[in-house]
Protein chains: 2
Amino acid sequence: MTDLSRRQVTLDEVAERAGVSRSAASRVINNAPHVSKAKRAAVLRAVADLGYVPNATARALATQQAGAVVLAISSDSAQVFADPFFAEVVVGISATLDETELELMLLLATSSRGRTRLEQLLRTRQAAGVMLMSMHGDDPLARLAEQSDVPVVFGGCPIGFEPRYYVDADNRGGARLATEHLIASGRTRIATITGRMDEGAGGARYKGFQEALAVAGLDASRVAHADFSEDGGTAAMRELLDKHADLDAVFVASDQMAVGALQVVKEAGRSVPGDVAIVGFNDIAGARHIDPPLTTVAQPIQSLGREMARMLLALISGDTPTPLILPTRLVRRGSS
Amino acid sequence: MTDLSRRQVTLDEVAERAGVSRSAASRVINNAPHVSKAKRAAVLRAVADLGYVPNATARALATQQAGAVVLAISSDSAQVFADPFFAEVVVGISATLDETELELMLLLATSSRGRTRLEQLLRTRQAAGVMLMSMHGDDPLARLAEQSDVPVVFGGCPIGFEPRYYVDADNRGGARLATEHLIASGRTRIATITGRMDEGAGGARYKGFQEALAVAGLDASRVAHADFSEDGGTAAMRELLDKHADLDAVFVASDQMAVGALQVVKEAGRSVPGDVAIVGFNDIAGARHIDPPLTTVAQPIQSLGREMARMLLALISGDTPTPLILPTRLVRRGSS
DNA sequence: TTCGTAACTGCAAGCGCTCCCAGACCAGCT
DNA sequence: AGCTGGTCTGGGAGCGCTTGCAGTTACGAA
C-alpha cells in the first residue's frame with residue numbers, strides 16, 4: 001500500500017509510475033478534462049500504490065491561492081477567547097469548512113505581534129479569506145480589512161461603521177424581546193446593565209432596551225454601564241440599587257454580568273424574581289443552573305459560525321452575499 | 001510608505017531596489033551572516049519602502065518546513081469542542097506560539113473527512129508539528145501519530161498506551177485529593193460517578209478515587225459509570241441512589257455530571273452537603289454559582305495548552321522533552 | 001609585493017505543483 | 001486526398017523563496 005520511505009511522494013513519481021507526463025497526472029489529480037480514460041485510471045492506480053498526497057504548499061504557491069482561511073479575534077486580551085462563545089463559533093465554522101479543502105487558522109490578535117500578523121494577513125494574500133470577530137469600529141485594522149484584497153467577513157457588526165460583509169445576531173431584537181417580556185409581566189421600573197458600549201453587541205442591546213421602553217412609554221433612565229464581565233455586573237448592580245432603589249426589574253446585557261448582578265440583588269435582601277426580575281443575554285451553559293435559573297436571550301452561536309464561514313466561501317468564489325442577521329429568542333426560566 | 005499596487009512585493013523587487021542580489025536580500029531577511037553592513041542597511045530600507053512581507057508559502061516550499069502547527073481534536077462529535085475547556089487550552093497554546101513565527105491551525109477531526117485530513121497531516125510533513133487531544137488509546141491514528149515523521153505531542157494521556165510525548169493534568173492525584181477531602185470531613189460511604197472509562201481522564205480519576213478509599217480502608221464498591229455529560233450524571237446518580245441508598249458522599253468525575261447529580265440528590269429530598277456531600281472535577285466557570293457552590297478539583301487548563309505548545313516547540317527544534325504532569329488542586333466550596 | 005584566509009556576493013538549481021501552449025492524433029467532412 | 005475541429009499530450013515556464021557553491025574582494029601577514 002503506502003510506502004515507508006521518509007521522503008514525500010511527488011507528482012513526478014506518480015507520473016512516472018503511471019507512465020504519463022506530470023501534466024497529465026496533475027490533470028487527473030484535479031480532475032480536469034483532457035485525459036483519456038486509460039491514463040486517468042493508470043494515474044489513479046499509481047496514486048493509490050504510492051500513497052500520494054498532494055503537497056498543499058506547492059500547490060498554494062503555484063496557484064497563488066492559499067489553502068486556509070483564518071479566524072481572527074481582535075481584542076486587547078486573549079482571555080476573551082476563553083469565553084465558551086468562541087468555542088461554539090469555531091464548531092460552526094469548522095462544520096462548514098469540513099466540506100471544503102480549506103483549513104482553519106486561528107489568530108488571537110491580542111498582542112502587538114498578533115496585530116502585526118493580522119495586518120500582514122490582510123495586506124498579503126496569505127490566506128484565502130479572513131473572519132474577523134470582536135473588532136472595534138475605531139480599530140484601524142477594521143478599515144484595512146474593509147479595503148483588503150482578501151475576502152473578509154465580520155462576525156458581529158462593530159459599532160461605528162458597518163462592514164460590507166458581516167453576520168451578526170439580532171442583538172437589538174433580542175434585547176427588545178427581553179425587555180418586552182419584562183413589561184408584559186407587569187414590571188414598570190425597569191433598569192439595564194449594559195455591556196461595553198464600544199462593542200457592537202453592547203450598543204445594540206442597549207438600543208433594543210430603549211426601544212421597548214419607549215414603545216411602552218416607560219422611563220428608560222435606569223442605566224448602569226459595565227463591561228460584560230461578572231465583576232462588572234456586580235459593580236453595576238450596586239450602582240443601580242444605589243441610585244434607583246425603586247427598580248423592579250433589570251435587563252442585563254450578558255449572562256456573566258447577570259450572575260454578578262443576581263448575587264448583589266440577593267445580598268441586598270431582595271428576592272428574585274419576586275422583588276426584582278432579571279433577564280440575561282447569551283444563554284451560557286450555566287444559566288439554567290444558577291439560582292433561580294436565569295431567564296435569558298439565546299443566540300444561535302454555532303449558526304453564527306456556520307454562516308460566517310458560508311459567507312466567506314461565497315466571497316471567495318466571487319459571489320456578493322448580503323449581510324446576515326440571525327434571530328435570537330427568549331428563554332424563559334425562573335429569574336423573571 | 002507601503003505601495004498600493006495589487007501585486008505582492010517580491011524579494012526580487014526588494015533586491016533590485018536595494019541594488020543587491022536576491023540572495024543577499026534573502027540573507028538579510030533571515031538575518032544570516034555574510035552580508036556587509038552597507039548592503040544590509042540598503043535592503044532593510046528597501047523592505048520598509050516597499051512594505052515587503054515575505055511570502056510564507058514560498059518560504060515553506062523552499063525550506064521544506066511548514067509554518068504552522070496544528071491542534072487536532074479527535075473525537076466522534078464536534079460538540080466536545082464546544083466545551084470551554086478547549087477554548088482555554090487554545091488561549092494557552094496561542095500565548096506560547098505568539099512568540100514564534102508559527103501559526104496555529106485547528107482541526108476538528110470529527111467527521112471521516114476530518115480524520116482523513118489528520119491522517120494526511122501525520123503522513124506528510126505539511127505541518128511543523130501536531131498537538132493531539134481527546135485521542136483514544138485504541139484509535140489507529142494514535143499509533144500512526146506515535147511513529148509519524150512530524151513531531152506530535154498528546155494533550156492528555158490516552159488510556160491503553162502511553163505516548164512518548166504528552167502533557168496531562170494530574171487527574172489521579174486530583175481525584176485522590178477530592179476523595180481524601182471527603183474522608184477527612186467524616187464521610188464513610190463514599191460513591192463515585194466516573195467519566196468515560198475509555199478516556200485517560202476517566203480512568204485516572206477513577207483510579208485516584210479507589211486509591212484514596214483503599215488507603216483509608218473504606219469500601220469502594222459504590223460506583224456508577226457515565227460519560228462526562230450532565231445527562232449522564234443525572235442517570236448515574238439515580239442508579240447510585242437506587243443501589244446504594246446509604247451513601248453520604250459522591251465524588252463526581254466532572255462538574256457537568258456533578259450538576260446533573262446534584263439535581264437528582266436534591267429532588268430525592270436529601271440535602272447537600274448535609275445528607276450527601278458532592279465534589280466535582282474541572283472547576284468550570286459556573287461551578288461557583290450553582291446551589292450550593294460546587295466543591296471541585298481545578299486543573300491549570302491554560303498551562304496545559306502553554307506547556308503542550310512549549311513541548312512541541314522543543315520537539316521541533318530537536319530536543320527530547322519528557323512527559324509533563326501538571327498539578328491539580330482542590331477548590332473547597334459549599335457542596336462538601 | 002605576494003599570499004592566504006576569511007568574509008562577501010550572486011548565479012543557478014531547486015522545492016512540488018499548475019497551466020499555457022504548441023504539436024500530435026483522430027475522426028468526420030468536403 | 002486535403003481540411004477542419006475536436007480531444008489528448010507533454011514540454012517547459014513559472015509561483016517566490018532558500019541555499020550550495022564557485023568566484024570575488026578585503027586585508028593583514030610574510
Side-chain angles (χ1 to χ4, degrees), chain A residues 5-44 46-47 50-68 101 120 123-128 149, chain B residues 5-44 46-47 50-68 101 120 123-128 149:
Chain A
S5 81
R6 287 332 197 178
R7 273 189 22 68
Q8 144 158 203
V9 180
T10 74
L11 227 204
D12 279 295
E13 301 175 53
V14 171
E16 180 174 359
R17 175 162 185 133
V20 306
S21 74
R22 182 164 18 109
S23 334
S26 174
R27 281 187 212 108
V28 173
I29 301 298
N30 301 294
N31 54 76
H34 304 309
V35 181
S36 65
K37 267 221 143 86
K39 298 216 164 182
R40 187 174 296 272
V43 171
L44 256 19
V47 166
L50 265 28
Y52 170 75
V53 177
N55 179 320
T57 307
R59 189 186 301 223
L61 183 60
T63 58
Q64 292 290 73
Q65 50 189 18
E101 296 287 76
Q120 296 190 352
R123 286 194 194 287
T124 69
R125 355 179 93 278
Q126 311 266 16
D149 267 353
Chain B
S5 81
R6 287 331 198 177
R7 272 190 23 69
Q8 141 157 206
V9 180
T10 73
L11 189 56
D12 278 295
E13 302 175 51
V14 172
E16 179 174 359
R17 175 163 187 131
V20 305
S21 75
R22 189 171 11 144
S23 339
S26 173
R27 284 190 207 100
V28 173
I29 302 297
N30 302 294
N31 54 76
H34 303 309
V35 182
S36 66
K37 268 221 143 86
K39 298 216 164 182
R40 187 175 297 272
V43 171
L44 257 17
V47 165
L50 264 28
Y52 170 75
V53 176
N55 178 319
T57 308
R59 190 190 300 230
L61 183 60
T63 58
Q64 292 290 76
Q65 49 190 20
E101 294 288 74
Q120 296 190 351
R123 287 194 193 288
T124 68
R125 354 179 96 279
Q126 310 265 15
D149 267 353

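In what follows, chains are A, B, ... by sequence order, proteins preceding strands, each numbered from 1.
When distances are taken from the side chain of B:His34 to each of C:dC8, D:dC8, C:dT18, the shortest belongs to C:dC8. Nearest nucleotide to the side chain of A:Thr63, out of D:dC17, C:dC8, C:dC19: C:dC19. The side chain of B:Ser36 lies closest to C:dT9 when the candidates are C:dT9, C:dC17, D:dG10. Nearest nucleotide to the A:Leu11 side chain, out of C:dC19, D:dG10, C:dC17: C:dC17. Here D:dG10 is the nucleotide among D:dG10, D:dG16, C:dG16 with the atom lying nearest to any side-chain atom of A:Ala24. Listed candidates were D:dG10, D:dG14, D:dC17. Nearest to the side chain of B:Tyr52 is D:dC17.
The side chain of A:Ser26 places an N or O atom within less than 4.0 Å of a non-bridging phosphate oxygen (OP1 or OP2) of C:dT18. Between A:Ser23 and D:dG10, a side-chain N or O to OP1/OP2 separation shorter than 4.0 Å is absent. Between A:Gln64 and the phosphate of D:dG14, there is no side-chain N or O to OP1/OP2 separation shorter than 4.0 Å. Contact check, A:Asn30 against C:dT18: a side-chain N or O comes under 4.0 Å of OP1 or OP2. Taking only side-chain nitrogens and oxygens, B:Lys37 never comes nearer than 4.0 Å to OP1 or OP2 of C:dC8.
One atom, CG of B:Asn55, and another, C1' of D:dC15, lie 8 Å apart when rounded to the nearest Å. The CD-P distance, from A:Gln65 to C:dC19, rounds to 8 Å in whole Å.
Put simply, the side chain of B:Arg27 and the base of D:dT18 share no donor and acceptor less than 3.5 Å apart.
Within the 4.0 angstrom heavy-atom criterion, no nucleotide atom of any strand lies near A:Pro33.
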